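Accompanying notes for the structure given below.
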Amino acid sequence: MEKEIRIERLEELDSRLSAFAEMLIEVVHDGASIGFLPPVSVAEAEQYWRNVPGSDVIVLIAEVDGQLAGTVQIHLCSKPNGMHRADIAKLMVHLQFRRRGIARLLMEKAEQYAADANRILLVLDTRDGDPSNTLYRSLGYIQAGQIPHFAMSDTGVLHSTNLYYKLLQSPVDDADGVTR
């Protein structure tokens with residue numbers, strides 16, 4: 001019997017800090033390109049998570065039977081000319097919970113939260129060749145370009161990164177023809 005997957009907004013990190021640190025370490029050691037290189041220490045992972053919460057960052061978590069299964073972040077742009085957009089960052093799924101649709105559920109919920117925050121444009125980047133490219137395209141994200149030699153692996157190999165975007169709704173033109 002498939003266990004229920006629950007997606008919710010993270011309100012408090014303190015009691016779950018070790019679980020978040022463990023997941024970060026695990027996915028990086030498994031090869032995820034999320035800004036870290038193995039080996040990641042527990043102290044480094046915990047320090048990262050302590051710095052994540054903020055007024056412009058929404059952290060969503062996936063739980064299965066009360067256990068942390070995945071996470072994604074929505075970074076709301078706070079610049080005056082970017083209040084309509086957000087960046088999707090650090091989509092992670094714990095190895096033991098992969099292939100259950102958790103990443104898709106997290107992304108769908110992230111889009112809902114972004115829309116609720118009046119964001120109509122989402123942007124993200126991911127290493128070329130990673131399975132996440134297939135996920136993002138299946139969710140309607142459009143590849144806007146590719147930057148060569150963007151991310152380094154733990155072996156020193158430089159990888160390209162793909163830039164994606166998705167319009168959650170079309171911008172509205174006012175009576176003067178100005179897009180809002």
Side-chain angles (χ1 to χ4, degrees), residues 7 9-10 23-24 27-28 30-38 40 48-49 51-62 69-94 97-174 176-180:
I7 310 289
R9 184 175 183 167
L10 180 69
M23 184 172 58
L24 176 79
V27 299
V28 169
D30 189 53
S33 179
I34 56 171
F36 295 86
L37 292 174
V40 178
Y48 167 76
W49 282 110
N51 291 328
V52 169
S55 61
D56 59 346
V57 178
I58 297 170
V59 179
L60 300 180
I61 61 169
T71 186
V72 68
Q73 298 170 28
I74 308 148
H75 293 243
L76 304 173
C77 185
S78 59
K79 296 175 185 169
N81 72 344
M83 301 298 287
H84 64 287
R85 70 178 187 256
D87 290 299
I88 299 294
K90 305 289 190 276
L91 175 62
M92 294 179 244
V93 176
H94 199 289
F97 294 106
R98 290 196 176 161
R99 310 300 312 164
R100 297 186 193 183
I102 292 172
R104 177 174 295 279
L105 290 172
L106 282 164
M107 288 297 296
E108 289 169 350
K109 189 62 88 169
E111 290 177 13
Q112 290 174 6
Y113 271 88
D116 290 346
N118 297 314
R119 307 307 157 124
I120 63 166
L121 174 66
L122 295 179
V123 295
L124 59 87
D125 67 86
T126 192
R127 184 173 51 199
D128 188 45
D130 281 0
S132 56
N133 288 275
T134 302
L135 170 67
Y136 298 135
R137 284 191 297 271
S138 77
L139 288 166
Y141 286 79
I142 298 167
Q143 186 173 341
Q146 185 179 81
I147 303 172
H149 313 299
F150 187 81
M152 184 185 301
S153 72
D154 59 333
T155 62
V157 174
L158 297 175
H159 298 270
S160 297
T161 196
N162 296 326
L163 306 173
Y164 289 92
Y165 73 93
K166 182 174 184 178
L167 283 170
L168 299 179
Q169 68 181 50
S170 295
V172 177
D173 290 340
D174 67 13
D176 298 327
V178 177
T179 301
R180 306 241 184 244

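Scope of the values below: all heavy atoms of this structure, side chains included, with no hydrogens, waters or symmetry mates. This is a predicted model, so every value here is computed, not measured.
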*Check the side chains of Tyr164 and Arg137 for a donor-acceptor pair under 3.5 angstrom, ignoring hydrogens and angles.*
yes
_With no hydrogens and no angle check, just 3.5 Å: does a side-chain donor-acceptor pair link Arg127 and Ser153?_
no
Report yes if some heavy atom in the side chain of [X] is under 4.5 Å from a heavy atom in the side chain of [Y]; otherwise report no.
X: Met107; Y: Leu124; value: yes
X: Leu122; Y: Tyr141; value: yes
X: Asn118; Y: Met83; value: no
X: His159; Y: Thr161; value: no
X: Val40; Y: Tyr48; value: no
X: Ile34; Y: Leu24; value: yes
X: Thr71; Y: Trp49; value: yes

_Electrostatic pair Arg98-Asp30, nearest N-O below 4.0 angstrom_ = yes
With a 3.5 Å distance limit and no angle check, can you tell me whether [X] reaches the backbone of [Y] through a side-chain donor-acceptor pair?
X: Lys166; Y: Leu139; answer: yes
X: Arg119; Y: Cys77; answer: yes
X: Arg85; Y: Leu76; answer: no

*Got a sec: does the OH of Tyr165 have more than 12 other heavy atoms crowding it under 6.0 Å?*
no
